[in-house]
Number of protein chains: 2
Amino acid sequence: MFSKTSKYAIRAILYLATREDPEQKVGSKSLANALDIPIYFLAKVLQDLVWKDIISSAKGPGGGFYLSEENRKNSITDVLTAVEGAEIFRGCVLGFPTCSEKNPCPLHTQLFSYREGLRYQLNHININDMADRINRHNLKI
Amino acid sequence: MFSKTSKYAIRAILYLATREDPEQKVGSKSLANALDIPIYFLAKVLQDLVWKDIISSAKGPGGGFYLSEENRKNSITDVLTAVEGAEIFRGCVLGFPTCSEKNPCPLHTQLFSYREGLRYQLNHININDMADRINRHNLKI
DNA sequence: CAAATAAAATACCTATTTGTCTTTTATTGC
DNA sequence: GCAATAAAAGACAAATAGGTATTTTATTTG
């Protein structure tokens, strides 16, 4: 449904969000290890996320990746749009060129409400909320 | 949301389904022309769909692609799974390895109903239904 | 049968995504 | 200042998706 890059990004962020000490920094290797993601690939994804202000990082000994208070206010949608671009949530599900509310494609009406629901959910849960839920229910990332 | 191959496939099938004469055969060139899809690429997609029994074809003069009665009973889900494989409708939206009803990923509960709704819609409208709707409302493919 | 037609098969090419590895730069602690 | 650490940056390699072109095979029609 989403690219591997997006999936890796979200899992990494949720992993960081659920550390006991919120400012505790985690290196790319231990992150990759914990989440079973190719190390070098994850490192690149993380760097990109830092550049896009979705996560934070510190160089040198004791350094690594972490989430600032600001970072934690982001929604999953924020992460997804940063990684994949804004078009994912716009545009016709099936790629019909002329699809819109006024000029709907053959599937528009049937799919619209569900797609909007999905979007709403992803847009209204921020990283903090997710971390709370994960810790409360002891969910696996 | 889906690959270009899937989008092209669905549009081509709906185009065939909405021809006046249901057994009327349409060549790959005129299909590609009508739908504004790269000719050779569409031709390959169509051949693949024939091989997978999603559409039908006839060689030689007057030949081309068409939909049999059986073909028309397929749902959009049938087309999508034939093209992309069954995993699209299984598997966690965000790629969490262990996600299931009993062991849900952090997003499972929030997204489940919407995703199921999407799946249900795509699964319960067959090509015939779609063609009817398109013709009734004069929708563009 | 011969010519025309159109799908099927095949061979490539290009771009993007995913994945790997090495070098550079910044930071920390002795 | 020096050594160790860890992110940043950059260069590639492999796999997949998307796209183009040519040759082969089957069918129809005169």
Side-chain angles (χ1 to χ4, degrees), chain A residues 1-13 16 23-68 71 80 82-85 87-88 94-95, chain B residues 1-13 16 23-68 71 80 82-85 87-88 95 97:
Chain A
M1 202 153 189
F2 297 109
S3 70
K4 288 198 178 186
T5 301
S6 291
K7 294 170 180 175
Y8 293 165
I10 290 170
R11 289 180 61 211
I13 288 169
L16 292 176
E23 302 285 306
Q24 177 187 349
K25 291 162 187 71
V26 183
S28 55
K29 295 115 215 158
S30 67
L31 248 171
N33 226 6
L35 301 174
D36 197 33
I37 297 173
I39 298 182
Y40 295 121
F41 190 67
L42 179 61
K44 265 207 314 192
V45 172
L46 293 171
Q47 282 174 224
D48 186 52
L49 291 173
V50 170
W51 195 82
K52 285 168 174 164
D53 258 320
I54 302 292
I55 67 176
S56 306
S57 70
K59 282 186 176 183
F65 298 94
Y66 66 100
L67 300 175
S68 68
N71 293 153
L80 248 21
V83 175
E84 311 245 9
E87 308 80 48
I88 311 182
L94 292 170
Chain B
M1 204 154 189
F2 297 109
S3 68
K4 287 197 178 187
T5 301
S6 291
K7 293 170 180 174
Y8 292 166
I10 290 171
R11 290 178 62 210
I13 289 169
L16 292 175
E23 302 285 306
Q24 177 188 349
K25 292 160 187 71
V26 184
S28 56
K29 294 116 216 156
S30 66
L31 248 171
N33 227 5
L35 300 174
D36 197 32
I37 297 174
I39 298 182
Y40 294 122
F41 189 68
L42 179 61
K44 265 206 313 192
V45 172
L46 293 171
Q47 282 174 224
D48 186 52
L49 291 173
V50 171
W51 194 82
K52 285 169 175 164
D53 258 318
I54 302 292
I55 66 176
S56 306
S57 69
K59 282 186 176 183
F65 299 92
Y66 66 100
L67 300 175
S68 69
N71 292 155
L80 249 21
V83 175
E84 311 245 10
E87 308 80 49
I88 310 184

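So you know, we letter chains A, B, ... as the sequences are listed, proteins then strands, and number each from 1. If you're wondering where the values come from, they're calculated on a predicted model, not measured in any experiment.
Heavy-atom minimum distance, B/Q24 versus B/Y66: O-CB, 3.8 Å.
B/S28 has a side-chain polar atom (N or O) that falls below the 4.0 Å cut-off from OP1 or OP2 of C/dA7. Between A/T5 and C/dT18 there is a side-chain polar atom (N or O) within less than 4.0 angstrom of OP1 or OP2. Not one side-chain nitrogen or oxygen of A/K29 sits closer than 4.0 Å to the OP1 or OP2 atom of D/dT5. Contact check, B/S57 against C/dA8: a side-chain N or O comes under 4.0 Å of OP1 or OP2.
Atom pair B/L42:CG and D/dA21:P shows a separation of 15 Å (rounding to whole Å applied). B/E84 places its CD atom 11 Å from the C1' atom of D/dA17, with the value rounded to the nearest Å. Per the geometry, CZ belonging to A/F41 stands 15 Å off C1' belonging to D/dC12, to the nearest Å. As a whole-Å value, the separation of A/K4 NZ from D/dA17 P is 11 Å. Distance, A/F2 CZ to C/dT17 C1': 17 Å, rounded to whole Å.
In this structure the side chain of B/L42 never reaches within 4.5 angstrom of the side chain of B/S28, judged on heavy atoms.
Residue A/A43 is out of contact with every strand shown, counting any heavy-atom pair closer than 4.0 Å. When heavy atoms are screened at a 4.0 angstrom cut-off, A/V45 is found touching no nucleic acid atom at all.
Toward the 5' end of DNA chain C, the nearer of the two residues A/Y40 and A/G60, judged by each one's closest nucleotide, is A/Y40. Between B/Y8 and A/Q47, the one whose closest nucleotide on DNA chain D sits nearer the 5' end is A/Q47.
The base of D/dG18 is not paired with the side chain of B/K44 by any donor and acceptor separated by under 3.5 Å.
You'll find that the side chain of A/K59 is closest to C/dA26, out of C/dA8, D/dA6, C/dA26. When distances are taken from the side chain of A/P61 to each of C/dT28, C/dT5, C/dA8, the shortest belongs to C/dT28. Side chain of A/P38, nearest nucleotide from C/dG19, C/dT18, C/dA7: C/dG19. Taking the side chain of A/F65 as heavy atoms from C-beta on, and the options D/dG18, D/dT27, D/dA8, the nearest nucleotide is D/dA8.
Here the rule is side-chain contact (heavy atoms from CB on, under 4.5 Å) with B/T5, and of B/V45, B/I10, B/L49 only B/V45 fits it.
In this structure, A/K7 forms no cation-pi arrangement with A/F2, as its terminal cationic atom is not both closer than 6.0 Å to the ring centre and no more than 45° off the ring axis.
A/N71 and A/S68 share a side-chain donor-acceptor pair at under 3.5 Å.
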